[in-house]
Amino acid sequence: MSTLRMTGDLRRQLILSAAKRCFARHGFAGTTTRSVAAAASISEGLLFKHFPTKSALYAEILAEECEADPGLNRLLGLQPSTETLVVLIRCMVRHFQGVSAAPDQEEAQRLRLMVTSHLDDGEFARLIYEKIGGLLGSVFTTSLERAVEAGDAARIGQQPMNLFWFAHHAVLMATLTRMPSVPCLSYGKSADLERQLCEFILRGIGLNETAIASYLDRELSDDPGQKVAAEGA
């Protein structure tokens with residue numbers, strides 16, 4: 001049983017490795033499950049036993065990239081607290097700001113895939129949301145609970161993960177408006193936008209002004225190069 005399981009795990013990694021090469025060369029739209037199977041030297045039917053769709057394959061690659069990110073691992077290693085909550089929100093905002101500010105076509109393409117998926121069958125978006133929630137959901141909800149217990153936040157509603165998704169939707173939409181060569185909206189200076197977005201989200205999830213002023217100022221004064229890819233798309 002152990003040998004069979006290891007063989008299956010190895011084959012899964014070989015498929016992912018082949019898929020990365022295909023997606024890097026041809027992009028998401030130009031890659032087919034048939035081409036990935038050929039690159040991995042397996043049948044398309046065997047590929048489907050591990051990954052039922054191209055979207056599932058791509059989502060797994062994104063999840064692996066996130067899990068290997070040192071900034072994300074640093075964040076996941078923090079103790080749940082009000083400060084950790086502020087760090088998470090600021091990193092999310094900064095990551096999305098970077099997508100619209102830097103010429104990273106791969107990241108921009110992922111966001112376009114997310115938007116297209118919402119208007120299509122939703123499969124890709126559902127998979128990405130599942131991966132993001134699995135990685136960051138517990139950090140967010142536990143830190144929010146600690147903030148409430150410490151008197152730094154008020155409890156908002158009965159579904160704390162909804163607050164996480166509302167925060168994600170806000171930064172995602174703000175990024176989409178700035179992705180065209182001529183932005184749909186002009187928000188002004190990026191530094192001001194970062195602070196405004198962080199404050200807007202932190203207030204929305206229940207943090208009080210004292211906590212925001214204390215922890216956000218401390219976080220924004222950190223080295224701007226230390227950021228976390230809170231992702232996904």
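Along the sequence shown, residues carry numbers from 1.
- Taking each heavy atom of Ala37 and Leu47 in turn, the nearest pair found is N-CD1, 3.7 Å.
- At a threshold of 4.5 Å between non-hydrogen side-chain atoms, the residues Asp152 and Tyr215 count as touching.
- Taking each heavy atom of Gly204 and Leu163 in turn, the nearest pair found is O-CD2, 4.2 Å.
- Every residue two or more places apart in sequence or in another chain that forms a side chain to side chain donor-acceptor pair (under 3.5 Å) with His118 is listed here: Tyr129.
- Residue Phe200 places its CZ atom among 12 or fewer non-hydrogen atoms of other residues, nucleotides or ligands, all under 6.0 Å distant.
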* Asked: Is there a side chain to side chain contact (heavy atoms under 4.5 Å, CB included) between Phe140 and Ile205 once you walk through the steps?
  -> CA-CA 11 Å; Phe140 176 86; Ile205 64 178; 4.1 Å; yes

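- Here the CG-CZ distance, from Leu16 to Arg11, works out to 13.0 Å after rounding to the nearest 0.5 Å.
- Put simply, the side chain of Asp192 never gets that close to the backbone of Tyr187: no donor and acceptor are under 3.5 Å apart.
- Within the 4.5 Å cutoff, the side chain of Ile201 has no heavy atoms near those of the Met92 side chain.
- Taking CG from Leu185 and OG1 from Thr177, the interatomic distance works out to 5.0 Å, rounded to the nearest 0.5 Å.
- For Arg146 and Thr142, the side-chain atoms include no donor-acceptor pair closer than 3.5 Å.
- You'll find the side chain of Leu216 stays beyond 4.5 Å of the side chain of Leu207, heavy atoms only.
- Considering CG of Leu46 and CD of Glu44, their distance stands at 11.0 Å, rounded to 0.5 Å.
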* To do: Could you walk me through whether Leu78 and Leu75 pass side chain to side chain contact (heavy atoms under 4.5 Å, CB included), step by step?
  => CA-CA 5 Å; Leu78 297 176; Leu75 173 60; 3.9 Å; yes

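- Not a single donor-acceptor pair under 3.5 Å links the side chain of Ser17 to the backbone N or O of Gln13.
- With values rounded to the nearest 0.5 angstrom, Ile42 atom CD1 is found 3.5 Å from Ile15 atom CD1.
- A donor-acceptor contact shorter than 3.5 Å is absent between the side chain of Lys131 and the backbone of Glu64.
- Counted within 6.0 Å of CZ on Arg155, heavy atoms from surrounding residues, nucleotides or ligands total 12 or fewer; the atom is thus considered open.
- You'll find the side chain of Phe28 stays beyond 4.5 Å of the side chain of Arg112, heavy atoms only.
- Taking the six-membered ring where tryptophan is involved, the planes of His168 and Trp165 are perpendicular, since the angle between them exceeds 60° and thus also 30°.
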* To do: Step by step, work out the side chain to side chain contact (heavy atoms under 4.5 Å, CB included) result for Leu193 and Arg178.
  => CA-CA 12 Å; Leu193 175 60; Arg178 301 172 69 211; 3.6 Å; yes

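- Here the side chains of Thr33 and Phe51 are not in contact, with every heavy-atom distance at 4.5 Å or above.
- Looking only at side-chain heavy atoms (C-beta outward), Leu113 and Tyr58 come within less than 4.5 Å of each other.
- Interatomic distance, CD of Glu209 versus CD of Glu199, reported as 7.5 Å (0.5 Å rounding).
- Side chain of Thr84 to backbone of Gln79: a donor-acceptor contact under 3.5 angstrom is found.
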* Take Leu57 and Thr31, measure what side chain to side chain contact (heavy atoms under 4.5 Å, CB included) needs, and give me the verdict at the end. => CA-CA 11 Å; Leu57 184 56; Thr31 298; over 6 Å; no

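- Val87 and Val148 fall into different hydrophobic clusters, where Ile, Leu, Val, Met, Phe, Trp and Tyr side chains are chained together by heavy-atom contacts under 4.5 Å.
- Taking all atoms of both residues into account, the shortest heavy-atom contact from Glu194 to Gln97 is CB-OE1, 3.0 Å.
- Under the 4.5 Å side-chain heavy-atom criterion for ILVMFWY residues, no single connected hydrophobic cluster contains both Leu111 and Leu127.
- Contact detail for Ser143 and Pro80: the closest heavy-atom pair is OG-CA, 3.3 Å.
- Contact annotation: the side chain of Asp217 approaches that of Arg195 to within less than 4.5 Å [non-hydrogen atoms, C-beta and beyond].
- Counting all heavy atoms, side chain and backbone alike, Pro160 lies closest to Leu144 at CB-CD2, 4.2 Å.
- For Phe124 against Ser117, the heavy-atom pair with the smallest separation is N-OG, 3.2 Å.
- Remark: the backbone N or O of Asp121 is paired with a side-chain donor or acceptor of Arg126 at under 3.5 angstrom.
- The backbone N or O of Gly137 sits less than 3.5 Å from a side-chain atom of Thr141, completing a donor-acceptor pair.
- The line from CD of Glu219 to CZ of Arg94 is 7.5 Å long, rounded to the nearest 0.5 Å.
- At a threshold of 4.5 Å between non-hydrogen side-chain atoms, the residues Ile156 and Asn162 do not count as touching.
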